[in-house]
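Step one of this worksheet: look at the structure below.
Excluded from the calculations below are hydrogen atoms, water molecules and symmetry mates; all remaining heavy atoms, backbone and side chain alike, are included. In each ligand, atom 1 is the first atom listed, and ligand 1 is the first ligand listed. Just so we're clear, the structure is a prediction, and the values are computed from it rather than from any experiment.
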Amino acid sequence: MIPVIPALLGVLLAFLPAPQAQARDRAVVGGRPVDAAEHPWVVALASRDRFGDTRSGQFCGGALVGVRTVITAAHCLSQEVLGVAHAEVDDLHVISGRNDLGEDTGREVKVGKKWINPGYDTGTNAGDIAVLTLDEAMPGGSTITMAGSGDRGYTPGSAAEVYGWGDISGNGDYAPQLRAAEVDMLEDSACARAYPNRSEGAFDKDSMVCAGVAEGGRDACQGDSGGPLVAHGKVVGLVSWGAGCGEEGRPGVYTRVSAVASLVREHSG
Ligand code: ARG
């Protein structure tokens, strides 16, 4: 009778996920703190009504591509994320230049018009883009240029950086400080191989691009969505989706900015 118990335990343990190992593998956006004032085009998307005051209401990221134009992920404005329809969120604002979300440094500007890509596909995550028009202009010189399709930043192997105030461990440890992680732009075929299963989201090279590091450990994570992936000085991607955070062989998938740049221009201002 007695040997049955350890045997059963062994079987049980074999089927249980190892939480410690997973937490370690998912470690960090893999990043380091960066100075928000030096990266004013990285913005936090925030609503104190929906998410409370402690982190200035931050729930997603975005990129300032015009003095009154922010691009972010369409899924950031979904009912799933906001808990209510976006039209019911009256205090949606963006924050630029705030190093610590517990402080009130930098600029906070209200969002006026919102355009959420009607072509966004919640099944595959294709077309994950929204354009926000700000009530007031941010300072000139605080914007970043959107990459075009021929840009060097899309060359596989290019160095890129992803920015955000999101989860730094994959376990809900939200950073108060803006952080950046260095990742490599990857081949489309590598992404397609990493996500062969439609149930996780499907990699579509026309509307998405992916980035990561072979060994894992550096990636965007929850709360970074909508934030910029920057290569060769231009925004090439917006944090969209991925399996876990920083797991080996599971790169981060980003909205391909060059594919939506004309839509953005059409719907800004
Ligand atoms: N969907 C997530 C968000 O809303 C972003 C996930 C990115 N994941 C990744 N492993 N790169 O914040």
For this session: State if Ala73 counts as touching ligand 1 under the rule of any non-hydrogen atom under 4.0 Å.
Result: no
Exercise. With atoms numbered from 1 as shown, which atoms in ligand 1 lie under 4.0 angstrom from a non-hydrogen atom of Gly252?
Worked result: 11 (N)
Exercise. Would you say Ile129 and Tyr120 make side-chain contact, with heavy atoms under 4.5 Å?
Worked result: no
Problem set entry | side-chain contact (heavy atoms from CB on, under 4.5 Å) evaluation trace for Phe51 with Gln58 | CA-CA 7 Å; Phe51 301 97; Gln58 186 272 345; over 6 Å; no
Exercise. Quick one: which ligand 1 atoms are inside 4.0 Å of a heavy atom on Ser240?
Worked result: 1 (N), 5 (C)
For this session: Pick out which of Thr143, Val70, Thr69, Leu64 makes a side chain to side chain contact (heavy atoms under 4.5 Å, CB included) with Met138.
Result: Leu64
For this session: Decide yes or no for Met146 and Val264: does some side-chain heavy atom of the first lie under 4.5 Å from some side-chain heavy atom of the second?
Result: yes
For this session: Tell me which protein heavy atom sits closest to atom 11 (N) of ligand 1, plus the residue, atom name and distance to 0.1 Å.
Result: Asp219 OD1, 3.0 Å
For this session: Considering only non-hydrogen protein atoms, determine which one is nearest to atom 9 (C) of ligand 1 and report residue, atom name and distance to 0.1 Å.
Result: Ala220 O, 3.3 Å
For this session: Would you check the N or O atoms of Gly223, main chain and side chain alike, for any that come under 3.5 Å of an N or O of ligand 1?
Result: yes
For this session: Could you state whether Val34 and Trp165 fall into the same hydrophobic cluster, counting links through intermediate Ile, Leu, Val, Met, Phe, Trp or Tyr residues with side-chain heavy atoms under 4.5 angstrom apart?
Result: yes
Problem set entry | Whether Arg250 lies under 4.0 Å from ligand 1, heavy atom | no
Problem set entry | Transitive ILVMFWY side-chain link Tyr195 to Leu186, under 4.5 Å | no
Exercise. Considering only heavy atoms of His75, which atoms of ligand 1 have at least one such atom less than 4.0 Å away?
Worked result: 1 (N), 3 (C), 4 (O)
Exercise. Using 30° and 60° as the class limits, which term best fits the ring planes of His39 and Tyr163: parallel, tilted or perpendicular?
Worked result: tilted
Exercise. Atom 3 (C) of ligand 1: which protein heavy atom is closest, and how many Å away?
Worked result: Ser225 OG, 2.2 Å
Exercise. So which protein heavy atom does atom 7 (C) of ligand 1 come closest to, and at what separation?
Worked result: Val239 CG1, 3.7 Å
Seminar exercise, completed: Under 4.0 Å between heavy atoms, the region of Cys221 that gets near ligand 1 turns out to be backbone
Problem set entry | N or O pair under 3.5 Å between Cys245 and ligand 1 | no
For this session: Answer whether the closest heavy-atom distance between the side chains of Asp188 and Arg256 falls below 4.5 Å.
Result: yes
Exercise. What atoms of ligand 1 come closer than 4.0 angstrom to any heavy atom of Asp224?
Worked result: 12 (O)
For this session: Could you label the plane-to-plane angle of the His267 and Trp115 rings as parallel, tilted or perpendicular, counting under 30° as parallel and over 60° as perpendicular?
Result: parallel
Seminar exercise, completed: At under 4.0 Å between heavy atoms, what of Ala243 touches ligand 1? The answer is neither
Exercise. If you measure from the Lys or Arg side-chain nitrogens to the Asp or Glu carboxylate oxygens, is any gap between Arg193 and Glu187 under 4.0 Å?
Worked result: no
Problem set entry | contact_flag Gly244 ligand 1 heavy-atom lt 4.0 Å | yes
